[in-house]
Chemist: 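My structure is below; once you've seen it, I'll send some questions.
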Amino acid sequence: MAGSYFLTTAIDYVNSAPHLGHAYEKILADFFSRHQLSLERDVLFLTGVDEHGQKVQQSAQKQGVEPQLFADEMSGRFQRLHESLGVASSHFVRTTDASHKKIVREWLQTLHDKGEIFFQEHEGFYSVRQEQFVTEKDKVDGQWPEIFGDVIETKEPNYYFRLEPYRERLLKYIDENPNWIVPAFRRNELLGALKEPLGDLCISRPKSRLTWGIPLPFNEDYVTYVWFDALVNYYSFASVKGALRWPPDLQIIGKDILIPAHGVYWPIMLMALDLDLPKHLLVHGFWTNSGAKISKSNAKSLIDPVPYVERFGPDALRYFVLREMVLGQDADFSDERFEARYDSELRKKLGNLVQRTLSMINSYRAGVIPNYDGFHLTEVDAPLRSDAVVEEYKRAVEQFAPHLALQAVIDFTSAANEYIEKTAPFKLARDPAQAKRLDVILALLAESLRRLSVLVQAAMPTTAEKIRIQMQLPNHPVRLEEALFGTSLRGHAVGKQAVIFPEIEKPPAAGA
Ligand code: MSP
């Protein structure tokens, strides 16, 4: 094994159904996880759901069921979505898991014993909708903004976690670790947010108001609230494959939960506990639907990933989101864009190449990949014998740019299709004097397919498998190194070609 790799995603709230934004983040993490596996690393990949809190309690009440039952059902939906998308995590995290609750309580007790958590009466304004205290500073033009809903004045003693004593240390850490947050512009946003002194973080809710949470070990009349429960998951499940792995190599989150949750609370919690910080926080942007953020609070914006998976299989959606979004920025989802990429890149380039190549080998060489000698190689063959695509692919993934990695793969696919046009094997097949040259062409095309099956396996594991099955190669994932050019296929017999990406059927036009 070439070392180990530990990556995590945000855990999704179960108060409403999963949408494309949730699916994207998990696909992204699965892509990096499979990439690390192809480098022979021992990967620990955590993802899952965040089950406690007011909103889940309320949603359960509305349905007249116990929160645990509600959470069980919703968690099942998220888990089934992951399975249908081919997201193969090491463990599906649930914050109602007894082992997690135990660690949360241990952390709270330790921080309480160290004097980092204190009890205080708080008198102030409270937003019922956002379930948080707000201050005059939150007003816009002297009014509470719409997002706060009803704001009431209330007095409530609660537990608080001190943040300010760690601010300088955190600033220094960010300064000394310029790649801690990717992309860099997010790091600058965080540095901006850390210019002002940090207020204390309220970490409790009295049980009289919220019962659906983890009780504080030092006062059972309270439960811990939101981040002190959710963030701890990364640590609670870091031992699921045996010994504790710490810190994570990569934590993937959306831009809305960098400041303050993952950029301030999380590193400060770790510092207060003398634990190392994650090596990278990778912050992705949002999917929008005709410009509107896809969000559970805007029903019209919602895009359900399930129908796409049912109609096209998991890989078309995986490919689209990884290829379309420039990691870090926002991207817009539409059926037109999805179908355009499916048709022009997956069907016409990749699918077509597989079919044409295997069909020619079957018709001209009885399904056996020919042997060839160096005398019949020409300059036209160079792009198919080059390893540049592997280098480009690797570099792009290392720079957290899956869209560029897939661009390199598609460019290579296009080069192979152009090679067929240029060399015209269908013409050479009619001329026995060209048999040796045809051997070269068919062998190089077959080798390109084999290499492509390796290059697409992180983004499109099912497609990789389909190509390998048609080529009668072992269909399990292989090392990325195997995408380098080679000659191992000489004399290998392939199977029958089959369509991988069928044409999109359009419903008949109205009145037709
Ligand atoms: N439960 C918290 C996270 C706790 S992590 C310790 C939470 N849950 S969430 O369900 O609201 O969001 C989960 C993830 O989905 C976040 O990383 C969030 O940014 C991401 N997305 C939610 N909507 C999104 C889009 N429209 N587009 C892309 N990702 C977005 O926050």
Side-chain angles (χ1 to χ4, degrees), residues 7-29 46-56 59 71 74-75 77-78 81-82 85 87 92-97 100 103-104 107 130-132 181 186 203 212-214 224-238 248 250-267 269-270 278 281-305 317 320-322 324-334:
L7 79 163
T8 68
T9 70
I11 48 171
D12 301 333
Y13 289 131
V14 292
N15 61 324
S16 52
H19 57 62
L20 182 77
H22 300 123
Y24 167 67
E25 187 178 274
K26 305 336 176 228
I27 291 170
L28 187 59
L46 297 180
T47 182
V49 285
D50 188 355
E51 301 181 272
H52 291 122
Q54 187 111 353
K55 290 196 177 119
V56 176
S59 304
M74 288 302 283
S75 298
R77 262 179 95 160
F78 279 86
L81 174 68
H82 292 192
L85 292 168
V87 170
F92 184 84
V93 163
R94 297 188 55 181
T95 53
T96 50
D97 198 295
H100 169 72
I103 305 263
V104 170
W107 276 29
Q130 295 298 324
E131 303 155 37
Q132 67 181 47
I181 295 177
R186 296 279 174 218
I203 58 148
W212 185 234
I214 303 174
T224 189
Y225 190 61
V226 186
W227 293 108
F228 238 96
D229 176 345
L231 288 164
V232 181
N233 94 83
Y234 301 134
Y235 187 85
S236 326
F237 297 94
L250 181 65
Q251 300 208 277
I252 302 178
I253 55 168
K255 65 179 183 181
D256 57 330
I257 54 172
L258 173 65
I259 303 172
H262 286 78
V264 182
Y265 305 159
W266 178 227
M269 281 160 73
L270 292 173
L281 277 181
L282 180 62
V283 187
H284 62 77
F286 278 146
W287 282 96
T288 57
N289 181 357
S290 308
K293 179 193 160 191
I294 297 177
S295 148
K296 54 196 160 208
S297 54
N298 175 3
K300 276 214 312 241
S301 73
L302 287 178
I303 290 176
D304 181 358
L317 186 69
F320 178 77
V321 292
L322 293 169
E324 181 79 5
M325 187 174 246
V326 177
L327 218 174
Q329 292 170 20
D330 293 352
D332 201 56
F333 188 95
S334 71

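Sequential numbering from 1 along the given sequence is applied to the chain's residues. Note that ligands are numbered from 1 as they come in the structure, with each ligand's atoms numbered from 1 the same way. Given the structure is predicted, the values throughout are model-derived calculations rather than measurements. Below, each value reflects all heavy atoms present in this structure, side chains not excepted, and no hydrogens, waters or symmetry copies.
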Chemist: Between CZ of F333 and CD1 of I303, what distance do you get to the nearest 0.5 Å?
Modeler: 5.5 Å

Chemist: Under a 3.5 Å distance rule, please check whether T224 uses its side chain to pair with a backbone N or O of I203 as donor and acceptor.
Modeler: yes

Chemist: Ignoring hydrogens and geometry, is there a side-chain-to-backbone donor-acceptor pair from Q251 to P278 under 3.5 Å?
Modeler: no

Chemist: Within the distance-only criterion (no hydrogens, no angle test), does the side chain of W212 pair as donor or acceptor with the backbone N or O of K55 below 3.5 angstrom?
Modeler: no

Chemist: Output yes when a side-chain donor or acceptor of T8 lies under 3.5 Å from a complementary backbone atom of L46, and no otherwise.
Modeler: no

Chemist: Are Y234 and H262 near enough that their ring centres are under 6.0 Å apart?
Modeler: yes

Chemist: Can you pull every nitrogen or oxygen pair between ligand 1 and the protein closer than 3.5 angstrom?
Modeler:
| residue | atom | partner | partner atom | Å |
| --- | --- | --- | --- | --- |
| ligand 1 | 1 (N) | I11 | O | 2.8 |
| ligand 1 | 1 (N) | D50 | OD2 | 2.7 |
| ligand 1 | 10 (O) | Y13 | N | 3.1 |
| ligand 1 | 10 (O) | H22 | NE2 | 3.1 |
| ligand 1 | 17 (O) | E25 | OE1 | 2.6 |
| ligand 1 | 17 (O) | G254 | N | 2.9 |
| ligand 1 | 19 (O) | D256 | OD1 | 2.6 |
| ligand 1 | 26 (N) | W287 | O | 3.3 |
| ligand 1 | 26 (N) | I294 | O | 2.8 |
| ligand 1 | 27 (N) | W287 | N | 2.9 |

